[in-house]
Amino acid sequence: MLLTISTTYSPATDLGYLLHKHPARIQSFGLTFGQAHVFYPEARTEKCTAALLLDVDSVGLTRRPHGQFAENFALAEYVSDRPYVASSFLSVAIARVFSTALSGKCKQRPELVETEIPLKAKLSILPCRGGEKLLRRLFEPLGYTVGAERYMLDPQFPDWGQSRYFTVTLENTCQLSELLTHLYVLIPVLDDEKHYWVGEAEIEKLLKHGSDWLAAHPEQEAIVRRYLKHQRRLTHEALAQLREEDAQETDEVGQAYKEEQIEERISLNEVRLAAVTEVLKTCGAKRVLDLGCGEGKLLRKLLAEKQFEEIVGMDVSHHALKIAQDRLHYDRLPEKQKKRLHLFQGSLGYRDKRLVGYDAAAVIEVIEHLDVPRLMAFERVLFECACPRTVVLTTPNIEYNVKFENLQAGHFRHKDHRFEWTRDEFQSWAAGVAKRFGYTVVFHPIGPEAEDVGSPTQMAVFTR
Ligand code: SAH
């Protein structure tokens with residue numbers, strides 16, 4: 001199967017920089033299911049075309065122990081279309097061969113990555129379950145002009161009708177990384193089959209590559225369902241996370257700043273982070289989680305402390321994680337530091353094996369973003385399933401709001417806050433959680449204490 005990508009951007013040969021593949025060379029890559037070759041059929045200043053030719057080892061595939069693409073029907077292995085059509089094999093090849101371009105990086109020419117350039121991709125042969133209609137419904141909302149040529153099942157027997165195979169052209173003026181990302185996600189969606197087992201990790205992949213465009217895509221549900229191979233639980237989880245992420249991101253713009261102003265956050269935030277870091281240090285934790293890590297302010301503090309051997313930042317918002325990654329200069333960290341830090345997308349509303357086995361968890365200014373059903377799910381996710389020995393959790397103290405001059409009466413500090421609690425409310429919630437899940441809990445005020453209303457932030461430290 002063949003994917004070509006052409007541009008008429010001037011100079012068109014810049015495509016070589018973007019793809020990290022020199023136009024004058026033919027390069028081959030060994031993959032578990034065959035070989036991928038990259039070459040340029042044309043490389044002129046006016047027009048440049050790169051080709052990714054995927055040569056799937058059809059014999060090797062049938063010998064795989066669990067017949068990766070065959071159903072129980074043995075003959076299916078020999079009459080399968082898999083070696084000849086664009087499918088999840090092609091997505092894997094794109095991720096492997098064009099990984100830097102897919103992630104939108106180019107050290108030598110960073111400005112080029114950001115540039116929208118005229119691009120044309122041609123795919124032969126692409127199976128489309130759902131036909132040309134679906135093909136258009138998937139790509140047109142993303143700005144593509146779609147061309148499709150459908151093949152007969154057998155030209156000698158026109159009565160057999162049309163096949164589901166197409167040669168497809170997709171034209172758009174966009175960043176190359178966007179085109180690659182759309183292909184990476186949507187090729188398997190059109191094919192509606194995957195050569196590998198689909199599990200939780202696929203949600204992460206989908207959200208990683210789809211977070212910027214999927215939330216607003218009119219076919220979001222069909223895309224997620226097909227990408228996750230119609231597994232209802234995974235589909236439900238991914239859609240919920242996309243919506244949560246979308247809500248967080250829309251809200252975050254401007255809001256964080258507002259909350260910062262209201263709380264004079266620069267100083268309060270510093271005090272809060274110092275208090276949390278101190279608790280994590282004195283409990284002797286070596287491996288710590290920062291859940292709802294946001295833009296990574298606590299992570300930065302934790303990285304500076306040698307005691308912490310492994311630091312994990314998780315957030316439902318990809319956007320926040322991207323900012324965290326930039327602010328921590330993740331790409332430029334020395335290898336040793338990089339190994340200590342892991343950032344991943346996930347939601348506190350769902351059990352997650354990746355959170356198990358840590359000494360301590362920080363949940364700083366996060367619970368007030370969860371609505372009641374999700375807060376209840378969160379309690380089990382953290383205290384029952386992940387169950388670190390220590391949990392440090394902070395939330396605003398609503399009693400203190402009267403002290404903020406620039407906060408209107410009756411308003412929360414942040415538009416996305418679902419609630420803000422009094423000290424009594426927080427303490428009775430935390431005591432209930434501690435009792436149900438076998439923890440003890442103590443409370444500390446954070447920030448200046450005022451008469452009658454306490455301190456702006458309240459902190460609970462749970463220990464088991
Ligand atoms: N802990 C950080 C950020 C607090 S803002 C700090 O103190 O600076 C709240 C963060 O919680 C946001 O980044 C938001 O994306 C994240 N969040 C909201 N709901 C979440 C959920 N269900 N799972 C994980 N993170 C969530």
Side-chain angles (χ1 to χ4, degrees), residues 203-204 207 211 215 236-260 262-277 279-280 288-302 311-328 343-352 354-355 360-382 385-386 391-396 412-420 446-447 456-460:
I203 297 188
E204 204 189 338
L207 295 180
S211 70
H236 175 77
E237 211 171 291
L239 284 170
Q241 289 197 33
L242 262 178
R243 282 173 200 145
E244 251 174 67
E245 184 179 341
D246 194 36
Q248 287 297 327
E249 276 167 17
T250 326
D251 255 36
E252 263 163 24
V253 188
Q255 277 297 315
Y257 175 63
K258 236 180 177 172
E259 190 179 8
E260 226 169 65
I262 291 165
E263 286 190 346
E264 291 168 8
R265 196 172 174 138
I266 317 303
S267 56
L268 178 59
N269 202 29
E270 273 306 309
V271 176
R272 187 156 54 214
L273 296 180
V276 172
T277 308
V279 173
L280 292 174
V288 293
L289 299 165
D290 181 7
L291 304 175
C293 63
E295 298 168 4
K297 290 177 188 147
L298 178 63
L299 295 172
R300 185 207 300 271
K301 282 220 164 327
L302 300 180
I311 303 160
V312 168
M314 183 182 101
D315 202 286
V316 77
S317 158
H318 265 285
H319 180 66
L321 286 169
K322 262 188 212 149
I323 296 178
Q325 198 166 0
D326 287 349
R327 297 225 171 125
L328 295 165
L343 295 176
F344 56 76
Q345 194 273 348
S347 168
L348 288 167
Y350 299 91
R351 265 192 292 170
D352 194 329
R354 295 172 300 182
L355 306 180
V363 192
I364 307 311
E365 305 295 285
V366 174
I367 58 166
E368 62 277 9
H369 291 264
L370 308 177
D371 50 27
V372 172
R374 196 149 288 130
L375 180 68
M376 286 160 67
F378 156 76
E379 293 165 16
R380 297 191 60 190
V381 167
L382 178 58
C385 307
V391 174
V392 196
L393 190 147
T394 72
T395 194
F412 291 149
R413 297 180 202 180
H414 188 295
K415 205 172 104 236
D416 185 55
H417 285 181
R418 309 302 156 95
F419 58 83
E420 283 174 3
I446 294 183
T457 298
Q458 30 190 354
M459 174 167 81

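Side chains are part of it too, since the values below use all heavy atoms of this structure and drop only hydrogens, waters and symmetry mates. Whatever order the structure lists them in is the order used to number ligands and atoms, beginning at 1.
Separating the CE atom in Met314 from the CG atom in Leu291 is a distance of 5.5 Å, to the nearest 0.5 Å. Atom CG of Asp290 is separated from atom CG of Leu298 by 4.5 Å, given to the nearest 0.5 angstrom. Expressed to the nearest 0.5 Å, how far NE2 of His236 lies from OH of Tyr350 amounts to 4.5 Å. Between atom CZ of residue Phe419 and atom NE2 of residue His417 there is a gap of 9.0 Å, rounded to the nearest 0.5 Å. Note: Leu328 CG to Ile323 CD1 = 11.5 Å, rounded to the nearest 0.5 Å.
Atom 19 (N) of ligand 1 has its nearest heavy-atom neighbour, among Val276, Asp416, Leu370, in Leu370.
On a distance-only criterion, Asp290 and ligand 1 share no N/O pair closer than 3.5 Å. Taking only nitrogen or oxygen atoms, main chain and side chain alike, Leu348 reaches within less than 3.5 Å of ligand 1. Below 3.5 Å of separation, one finds no N or O of Leu291 facing any N or O of ligand 1. Between Met314 and ligand 1, not a single N/O pair is under 3.5 Å apart.
Taking every heavy atom of Gly292 and a limit of under 4.0 angstrom, the matching atoms of ligand 1 come to 1 (N), 2 (C), 3 (C), 10 (C), 11 (O), 25 (N). Numbered from 1 in the order shown, with element, the atoms of ligand 1 that lie under 4.0 Å from a heavy atom of Ser317 read 15 (O). Which parts of ligand 1 touch Val366 is read off a 4.0 Å heavy-atom cut-off, strictly below it: atoms 11 (O). Counting atoms of ligand 1 from 1 in the listed order, those under 4.0 Å from a heavy atom of Glu365 are 4 (C), 5 (S), 9 (C). Against a heavy-atom cut-off of under 4.0 Å, Cys293 is close to the following atoms of ligand 1: 2 (C).
Ion pairing between a basic and an acidic side chain is recognised when a charged N comes within 4.0 Å of a carboxylate O; Lys301 and Glu270 show such pairing. Remark: Arg413 does not engage Glu365 in a salt bridge, criterion side-chain N to carboxylate O under 4.0 Å.
At a 4.0 Å heavy-atom cut-off, ligand 1 touches His369 through the side chain alone.
Counting only distance, with no hydrogens or angles, the side chain of His318 and the backbone of Leu207 share a donor-acceptor pair below 3.5 Å.
The shortest separation from a heavy atom of Gly346 to ligand 1 is under 4.0 Å, placing the residue in contact.
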